[in-house]
There are 2 protein chains.
Amino acid sequence: MMKKVIQKKITMMKKVMSKSNLKLIAVLERTGGFASAQELHQILRREGDGIGLTTVYRALQSLVDDKIVDLLRREDGEAIYRLCGETHHHHLVCKSCGDTVEIEGGAIEKWAKTMAEEFGYRDVGHTAEIFGLCSKC
Amino acid sequence: MMKKVIQKKITMMKKVMSKSNLKLIAVLERTGGFASAQELHQILRREGDGIGLTTVYRALQSLVDDKIVDLLRREDGEAIYRLCGETHHHHLVCKSCGDTVEIEGGAIEKWAKTMAEEFGYRDVGHTAEIFGLCSKC
DNA sequence: GCATAAATGGAAATGATTTTCATTTTCATC
DNA sequence: GATGAAAATGAAAATCATTTCCATTTATGC
């Protein structure tokens with residue numbers, strides 16, 4: 001089932017999504033966590049969808065542009081994608097099993113803002129992730 | 001001139017560095033900020049050094065392993081390297097000119113620790129960088 | 001129906017990074 | 001100084017994610 005947020009965004013933008021975009025959203029929703037373009041492509045293929053890798057990349061790109069999915073990087077530099085939640089948040093990721101917890105980063109927002117001001121930087125964004133071993137691993 | 005920190009580390013480890021490692025440290029020191037392996041290779045070549053790209057990658061890898069250089073990622077996923085400072089710190093990076101400021105992240109350390117505890121994660125590390133436009137850009 | 005634009009996918013191109021492997025250098029020991 | 005093992009080096013090939021090209025298919029307005 002489609003998240004309300006996403007639904008709202010789709011409506012707001014009055015932009016019809018291509019089939020591929022919708023498929024990608026569906027998979028990302030089903031899987032929950034982060035996944036790379038290659039992985040998403042494999043999942044779809046495994047399910048019998050003949051979608052092309054090119055299309056997967058294109059769809060993900062457009063979803064990122066529309067702020068519908070988050071893009072971040074694995075340690076090896078590979079891009080990984082995830083549906084955006086309602087609010088800006090950060091992640092606590094298990095480096096063994098990949099399990100992810102969404103966490104609040106109020107302290108980070110403040111820190112980023114303060115630092116940017118102090119050094120005269122404008123238009124700032126930030127990344128902050130925590131990696132460790134979850135209780136199961 | 002070689003930073004004291006680095007000198008100390010080299011001594012502490014009682015490990016002789018290969019020429020390439022030293023060359024890379026020297027360039028990183030001279031350039032100051034972050035640079036990719038490809039860029040570092042070009043710089044060395046431009047200066048008449050016939051060092052091979054493979055060696056550059058190997059040297060950087062070993063310096064990262066020894067905690068002498070930091071490795072992080074540009075937005076496109078390319079790896080960029082920089083000499084580690086004395087203490088654990090974070091960066092404020094200009095997304096236009098690449099200018100970098102080292103900043104303290106006391107708030108971040110605390111945040112990471114709290115979150116890890118709350119969700120039962122052990123052995124955690126974290127990344128936190130701020131990207132924006134510096135005053136010149 | 002028809003024309004035009006958008007979407008799609010396969011293959012080739014790109015670009016960073018890693019691997020392979022043969023050669024060279026270093027260095028301790030004779 | 002000669003020698004042999006281990007470490008360092010680099011060119012070329014292999015890998016792998018990502019992008020580009022381009023021809024084909026599909027959706028849409030008229």
Side-chain angles (χ1 to χ4, degrees), chain A residues 10-11 13-28 31 33-66 68-82 98 127, chain B residues 10 13-28 31 33-66 68-82 93 95 98:
Chain A
I10 294 172
T11 309
M13 288 186 304
K14 281 174 187 151
K15 174 184 168 184
V16 192
M17 294 239 149
S18 67
K19 268 187 216 158
S20 334
N21 283 25
L22 292 171
K23 281 183 199 166
L24 265 299
I25 291 176
V27 180
L28 282 169
T31 60
F34 283 107
S36 71
Q38 305 278 348
E39 289 162 356
L40 293 167
H41 180 232
Q42 277 177 34
I43 293 172
L44 281 166
R45 281 290 173 104
R46 211 178 300 136
E47 296 174 353
D49 194 310
I51 194 169
L53 184 54
T54 311
T55 305
V56 171
Y57 274 104
R58 248 190 311 241
L60 288 171
Q61 188 55 61
S62 101
L63 291 171
V64 169
D65 290 345
D66 292 347
I68 293 175
V69 316
D70 276 337
L71 181 172
L72 63 98
R73 302 261 165 200
R74 285 211 173 101
E75 294 206 14
D76 68 352
E78 189 176 1
I80 50 182
Y81 305 84
R82 181 178 188 176
T127 66
Chain B
I10 294 172
M13 289 188 301
K14 280 174 188 149
K15 176 183 169 183
V16 192
M17 294 238 149
S18 66
K19 267 187 218 159
S20 333
N21 283 24
L22 292 171
K23 279 183 201 167
L24 265 298
I25 291 176
V27 181
L28 281 169
T31 58
F34 283 106
S36 70
Q38 305 279 347
E39 288 162 357
L40 292 167
H41 180 232
Q42 278 177 33
I43 292 174
L44 280 166
R45 281 293 175 102
R46 211 178 298 136
E47 294 173 356
D49 194 312
I51 193 169
L53 184 55
T54 312
T55 306
V56 171
Y57 274 105
R58 250 190 308 241
L60 288 171
Q61 187 54 60
S62 100
L63 293 171
V64 169
D65 289 345
D66 292 346
I68 293 175
V69 316
D70 276 337
L71 181 170
L72 65 96
R73 302 259 164 203
R74 280 212 239 277
E75 294 205 15
D76 68 353
E78 188 175 2
I80 50 182
Y81 304 84
R82 180 176 186 176
V93 185
K95 52 190 172 188

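Per chain, numbering begins at 1; letters A, B, ... match sequence-line order.
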Min side-chain heavy-atom separation B/Leu53-B/Gln38 under 4.5 Å
yes
Rounded to whole Å, CD of A/Glu39 lies from C1' of D/dT18 at a distance of 15 Å
How is A/Ser20 classified with respect to the nucleic acid when contacts are heavy atoms under 4.0 Å: base, sugar-phosphate, or nothing?
sugar-phosphate
Nearest-Å distance for atom pair CG/C1', residues A/Leu53 and D/dT18:
8 Å
Calculate the interatomic distance between A/Arg73 atom CZ and D/dT18 atom P; express it in whole Å.
7 Å
Within this structure, what is the CG-to-P distance between A/Leu22 and D/dT26, rounded to whole angstrom?
18 Å
Does any non-hydrogen side-chain atom of B/Asp49 lie less than 4.5 Å from one of B/Ile43?
no
Atom-pair distance (CD1 on B/Ile80; C1' on C/dG15), nearest Å
17 Å
Spacing between A/Leu24 atom CG and C/dT8 atom P, to the nearest angstrom:
10 Å
Compare the minimum distances between each of D/dG10, C/dT8, C/dT17 and the side chain of B/Ala37, then state the nucleotide with the smallest one.
C/dT17
Taking any heavy-atom pair under 4.0 Å as a contact, classify A/Gly50: base, sugar-phosphate, or nothing.
sugar-phosphate
Let me know the distance between NE2 of B/His41 and P of C/dT17, rounded to the nearest Å.
13 Å
Which residue, B/Glu78 or A/Lys19, contacts DNA chain C at a nucleotide closer to its 5' end, judged by nearest heavy atom?
A/Lys19
Taking C/dT17, D/dG10, C/dT8 as options, the one with an atom nearest any side-chain atom of B/Ala79 is C/dT17
Picking from C/dG9, C/dT20, C/dT17, which would you name as closest to the side chain of B/Gln38?
C/dT17
Using only atom types and a distance under 3.5 Å, with no angle test, would you say the side chain of B/His41 pairs donor to acceptor with the backbone of B/Ile51?
yes
If you only use heavy atoms from C-beta on, which nucleotide in C/dG9, D/dA12, C/dT17 is closest to the side chain of B/Thr54?
D/dA12
Are B/Ser36 and B/Arg74 packed together at the side-chain level, in the sense that at least one heavy-atom pair is separated by less than 4.5 angstrom?
yes
Checking C/dG9, D/dG10, C/dA16 against the side chain of B/Tyr57 (C-beta onward), the nearest is C/dA16
Just by modelled atom types, is the A/Ile68 backbone N or O under 3.5 Å from a matching donor or acceptor in the A/Asp66 side chain?
no
Find the distance A/Arg45:CZ to C/dT8:C1' and express it as a whole number of Å.
12 Å
Where the side chain of A/Ser18 is concerned, which of D/dT9, C/dT17, C/dA7 is the nearest nucleotide?
C/dA7
Categorize B/Ile51 for me: base, sugar-phosphate, or nothing, with a 4.0 angstrom heavy-atom threshold over every strand shown.
sugar-phosphate
